[in-house]
Number of protein chains: 2
Amino acid sequence: MEKKFSSIKQPKSYELIFNQIKESIIKGVFKPGDKLPSESDLVTQFQVSRHVVREALRSLQTAGFIEIKQGAYGGAVVLEMNFELLSGALSDMLRLGKISISQLTEVRKSLETEVARLAAKRATTDDLNKLSATLIEEPIMNFKDRIKESVTFHHVLSLCSHNPIYTIMMDSLLDLIHKLIIIVKPEKEILPGKVTHKMIYEAVRMKDEKKAVELIIEHMSKTASELKKYEEKYIKENFNKLDEQKTGLNEILKSFRYNFDHVNNYKTI
Amino acid sequence: MEKKFSSIKQPKSYELIFNQIKESIIKGVFKPGDKLPSESDLVTQFQVSRHVVREALRSLQTAGFIEIKQGAYGGAVVLEMNFELLSGALSDMLRLGKISISQLTEVRKSLETEVARLAAKRATTDDLNKLSATLIEEPIMNFKDRIKESVTFHHVLSLCSHNPIYTIMMDSLLDLIHKLIIIVKPEKEILPGKVTHKMIYEAVRMKDEKKAVELIIEHMSKTASELKKYEEKYIKENFNKLDEQKTGLNEILKSFRYNFDHVNNYKTI
DNA sequence: TACGATTTGTCCGTATGTATA
DNA sequence: ATATACATACGGACAAATCGT
C-alpha cells in the first residue's frame, strides 16, 4: 500500500499529563506546598478517565515531585526539592553493584575539595555563623547525634560555596555515605567529629583556601580508607538495610533552607 | 496521652507490590531481560485489582526498573539498570534549584578537570578508541552536529574516568549546558570543536595528566566566558524554553553504553 | 465524641488499541 | 488475514482516610 500518511504514534495519555504537570512544577507554576487540582478536576481538565490521571499522579509521586494524601483537604502537594530520590537511586545502584563505595568516596573527595576552596573564598559572616553553629561543644554524644553533626557541617559548608549545584550533588552523596556509616557502625572513630571540623571552620574563617583544601583532603582520605575496610566483607549483606537508615538530613535541610543568593549576586570563574 | 502502641499506618497496596517487585529485581530474582508476569497474573497472585497492579508497574517504569510493551508477547520486561534516569533526575533537580549559567559552568569546570585527570590516568586502549571515534574529521558541520560532537566527546571522556558517578553528574550538566547553547545559538565559535578536543585526546593517550588538566581548564574557561556574555540579556527570558530543546544526548548514550568495568576492577585513591 | 463532607484508594466490568505468531 | 495475548482506556461504584463541625 502506498504511504499516504505519516505515523502518528500517540504517546500514552498518562505520559502527556505527567510531562505537562512536571514541566509546570519545574517552571514554577506550582510551587512547593501548592496543591494540585483534585483528581476529578484533572479528569475534567484533561478530558481523560480517572484511571489515567491516577497513573500520571502516581508517576509524579514516584519521581519525587509530589506527595499524595488521602482524605478531606488532602490531595497532591508539590514537594520541596529533595535529594532523597537521588540518594535512593544511588543506593539502588550500589546494591546492584553498578557503583562501588570507593567510587562514592572518590567523587565526594573531589567535590568536598572544591567546596572547601570556594567556601574559604566566599563565606560571608552570616555563613560563618551558621557554620560555627553546627559545631556542638558538648564532648559526649551518641552515635546518631555525631552522624547528624557531621552531615550538618558538610551540608552547611557546601552552602558556603554559594553554588547550589554543589549542594545538591553533595547532599545526595552525603546522605548515602552516612547511611553506610550507620550500617557499618565502626567501633573506631570513623567520624573525626568536631576537632577536624573546627579546624576546617577556622581555615574557612581565615579565608585560607590552601589550608581548607589541605584539611578537607586529609579528612576525606581518612573517612574513605575507614569505609573501604568494610567494603567487601560486611556491607554487601547489609545493603538491604540501606533504605531503613536515616541521617536526619531532611530535617537539617528544613532548618538550613536552600537560601541561595540571587543568581548573579557573586563573582564566578 | 501515654504512647502504648506504635503507628500501624498501612502502606498502600500498590506500594507493597512496587517494593516487592523492586526488591526481587535488585536481589536478582528477575534479571535484566526477564519478563514479569502479566497484569492478570499479578492480579491473581497479589489478590488485588488490576488498577493497583497497573499503578505499581507504572511506578516501576517511572523508576527505570522495567519497560512495558503492548501487544501479544509484550508485557513488563526488566531493564538493565543504567544511569540515564539518574542524570535526568539530577538535571530536573538542578532546574528546580534555579541555577545560573555561571554556576553551571563553574561546577562543570571542576568536574571536567577531575574527569580529565582520571581519564589520563585510567583510560584503556579500548577507551582511547572510543574517544578517538568521537573526533569526526570532516571540517564542515552544521550547528547541531557540532553540538552533538562536543557532547559526545565530553561524555565519552567521562566514561574514561571509570567512575560512573562522574558520568552521571557530567551528563546532567552537559544536558543543561547544551540546551542553553542551542537557545543562545551564538554566532561566534562557542564550540572549539575538534582542535581542542584532539589535543585533549592526545594528552589522555599519552597519560599526561598534567597536560590534560591544563588543556581542559583552558577549554572550560573559554566556553564559560563565551556563555557568560549571554547570561544577562538573552537567556533569562528564554529559560523556560529549556524543556523544548533536545541535545540528542539520549541517542548518544545509547550508542556509547555505560560499559563500566566491574566495580572493583580499578585502583582508587 | 460523633458525624458529615471531601478526596484518594480499591474494585469490577467492558471496550478498544497494538503487536505477534 | 485472523486469532491471540497483552496493554490501554473508560465509567461506575464503594471503601478508607482525614479533615472540620
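Below, read A as the first sequence line, B as the second, and so on, with proteins coming before strands; counting in each chain starts at 1. Quantities reported herein were computed from a predicted structural model and do not represent experimental measurements.
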_Which nucleotide, if any, forms a Watson-Crick or G-U wobble pair with C:dT6, using both distances under 3.5 Å?_
D:dA17

_Can you pull out the residues from residues 64-74 of chain B that lie within a 4.0 Å heavy-atom distance of DNA chain C?_
B:Q70, B:G71, B:A72, B:Y73

Quick one: which protein N/O atoms are closer than 3.5 Å to N/O atoms of nucleotides 9-11 of chain D? Pair and distance per line, please.
residue, atom, partner, partner atom, Å
D:dA9, OP1, A:S13, N, 3.0
D:dA9, OP1, A:S13, OG, 2.6
D:dC10, OP2, A:S49, N, 2.8
D:dC10, OP2, A:S49, OG, 3.1

*Name all residues meeting the side chain to side chain donor-acceptor pair (under 3.5 Å) criterion together with A:S59; count only those two or more places apart in sequence or in a different chain, and write none if there are none.*
B:T62

*Who are the side chain to side chain donor-acceptor pair (under 3.5 Å) partners of B:Q70, not counting sequence neighbours?*
A:K12

*Can you list the residues that meet the ring-ring contact (aromatic ring centres under 6.0 Å, His included) rule with B:F153, with sequence neighbours excluded?*
B:H197

*Would a 4.5 Å heavy-atom cut-off, applied to side chains only, mark B:S40 and B:R50 as touching?*
no

*Starting at atom CD of B:E39, determine the distance to atom C1' of C:dC11, rounded to an integer number of angstrom.*
15 Å

_Please report the interatomic distance CG(B:L86) to CD1(B:I168), rounded to the nearest 0.5 Å._
4.0 Å

*Could you give the distance from CD1 (B:I66) to CD1 (B:I68), rounded to the nearest 0.5 Å?*
4.0 Å

*asked:* Under a 4.0 Å threshold between the charged nitrogen and the carboxylate oxygen, would A:K98 count as salt-bridged to A:D92?
replied: no

*Can you tell me how far C1' of C:dG9 sits from CD1 of B:I17, to the nearest Å?*
12 Å

*Please identify each residue that fulfils side chain to side chain donor-acceptor pair (under 3.5 Å) with A:Y14, with sequence neighbours left out.*
B:R58, B:Q61

